[in-house]
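Quick notes on the structure that follows.
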Amino acid sequence: QVQLVESGGGLVQPGGSLRLSCAASGFRFSTYVMRWYRQAPGKERELVAGIASIGGSTNYADFVKGRFTISRDNAENTVYLQMNSLKPDDTAVYYCNAIRYMDYWGKGTLVTVSS
């Protein structure tokens with residue numbers, strides 16, 4: 001059974017940091033591209049960051065470049081999103097996505113940036 005389980009969300013003040021985790025199971029994690037998406041209230045889901053299966057090359061949306069870092073641990077079947085200098089506009093549900101032959105999604109974790 002395929003599972004992607006996000007954790008690490010919560011309430012943080014502007015300028016603060018959070019680290020999201022996504023634990024994967026039920027598929028060959030190391031062979032999948034992993035991505036983080038987010039969806040803010042009333043908005044469409046958007047790509048935040050992605051990381052290749054091998055080699056670790058990464059890509060980021062312009063609105064998080066220099067603030068967020070995606071990484072993965074293939075031994076632990078986990079992908080991370082380190083989020084620094086958080087802004088109120090970063091408030092959203094953050095989703096983990098795995099894609100190769102299939103497209104898998106987690107249920108999301110809520111990040112709220114507010115004072």
Side-chain angles (χ1 to χ4, degrees):
Q1 180 183 1
V2 171
Q3 281 194 311
L4 292 174
V5 180
E6 301 95 336
S7 61
L11 174 64
V12 63
Q13 291 188 343
S17 298
L18 282 176
R19 189 194 196 201
L20 305 183
S21 300
C22 172
S25 60
F27 64 99
R28 286 188 67 191
F29 176 82
S30 63
T31 66
Y32 276 67
V33 172
M34 298 301 297
R35 296 170 175 162
W36 286 97
Y37 285 77
R38 72 185 187 186
Q39 188 167 18
K43 296 187 177 181
E44 293 188 352
R45 192 172 297 190
E46 59 186 358
L47 177 65
V48 175
I51 186 166
S53 57
I54 298 173
S57 63
T58 58
N59 64 283
Y60 297 92
D62 286 343
F63 52 79
V64 302
K65 280 183 180 176
R67 300 190 298 125
F68 291 10
T69 302
I70 188 171
S71 61
R72 67 190 296 161
D73 184 339
N74 287 341
E76 296 293 331
N77 289 354
T78 302
V79 62
Y80 303 97
L81 185 68
Q82 177 66 45
M83 306 187 295
N84 299 328
S85 302
L86 283 161
K87 306 174 182 179
D89 284 350
D90 294 319
T91 295
V93 177
Y94 284 72
Y95 296 91
C96 177
N97 169 250
I99 187 163
R100 189 188 180 193
Y101 302 119
M102 301 293 290
D103 191 5
Y104 303 127
W105 290 88
K107 294 183 178 181
T109 184
L110 176 63
V111 172
T112 303
V113 185
S114 175
S115 54

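These numbers were taken from a predicted model, which means no experiment stands behind them.
- With sequence neighbours excluded, no residue satisfies side-chain hydrogen bond (donor to acceptor under 3.5 Å, both in side chains) with Asn59.
- Counting only heavy atoms from C-beta outward, the side chains of Tyr32 and Ser53 never approach each other to under 4.5 Å.
- Clustering of Ile, Leu, Val, Met, Phe, Trp and Tyr side chains at separations under 4.5 Å places Ile99 together with Val33.
- Separation of atoms OG1 (Thr69) and CG (Asn84) is listed at 6.5 Å; rounding is to 0.5 Å.
- The other residues sharing a hydrophobic cluster with Leu47 are Tyr37, Val93, Tyr95, Trp105, Leu110, where clustering joins ILVMFWY side chains under 4.5 Å apart.
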Under 3.5 Å, side-chain donor or acceptor atoms of residues 1-8 against the rest of the protein: list the pairs with distances, not counting sequence neighbours.
unit_1	atom_1	unit_2	atom_2	d
Glu6	OE1	Lys107	N	3.2
Glu6	OE1	Gly108	N	2.9
Glu6	OE2	Cys96	N	2.8
Glu6	OE2	Gly108	N	3.2

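- Here the closest non-hydrogen pair linking Val79 and Phe29 is N-CZ, 4.0 Å.
- Here the CZ atom belonging to Phe63 is positioned 8.0 Å from the CG atom belonging to Asp90, to the nearest 0.5 angstrom.
- No side-chain heavy atom of Val12 sits under 4.5 Å from any side-chain heavy atom of Thr112.
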* Asked: Going through the checks in order, is the side-chain contact (heavy atoms from CB on, under 4.5 Å) test met by Asp73 and Tyr80?
  -> CA-CA 8 Å; Asp73 184 339; Tyr80 303 97; 4.2 Å; yes
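- Remark: Thr58 OG1 to Arg72 CZ distance equals 12.0 Å, nearest 0.5 Å.
- No side-chain heavy atom of Met34 sits less than 4.5 Å from a side-chain heavy atom of Asn97.
- Considering only heavy atoms from C-beta on, Thr109 comes within 4.5 Å of Leu20 through its side chain.
- Heavy-atom minimum distance, Tyr60 versus Ala49: CD2-CB, 3.6 Å.
- Minimum interatomic distance between Leu18 and Leu86 (heavy atoms only, all atoms of both residues): N-CD1, 3.9 Å.
- Residues in residues 48-65 take part in these salt bridge (Lys or Arg N to Asp or Glu O under 4.0 Å) pairs, two or more places apart or across chains: Asp62-Lys65.
- Linking ILVMFWY residues whenever their side-chain heavy atoms come closer than 4.5 Å, directly or via other members, places Ile51 and Met102 in the same cluster.
- The nearest pair of heavy atoms linking Phe27 to Tyr104 is CG-CE1, 3.8 Å.
- A distance-only check finds a donor-acceptor pair linking the side chain of Thr78 to the backbone of Glu76 [under 3.5 Å].
- A pairwise comparison of heavy atoms in Ser17 and Ser85 identifies OG-N, 4.4 Å as the closest pair.
- For Tyr94, there are no ring-ring contact (aromatic ring centres under 6.0 Å, His included) partners, not counting sequence neighbours.
- A distance-only check finds no donor-acceptor pair linking the side chain of Arg45 to the backbone of Arg38 [under 3.5 Å].
- If you take CZ on Arg28 and CZ on Arg100, they are separated by 7.0 Å, rounding to the nearest 0.5 Å.
- Judged purely by atom type and a 3.5 angstrom limit, Arg19 has no side-chain atom pairing as donor or acceptor with the backbone of Gly9.
- The shortest non-hydrogen separation linking Ser21 to Trp36 is O-CH2, 3.7 Å.
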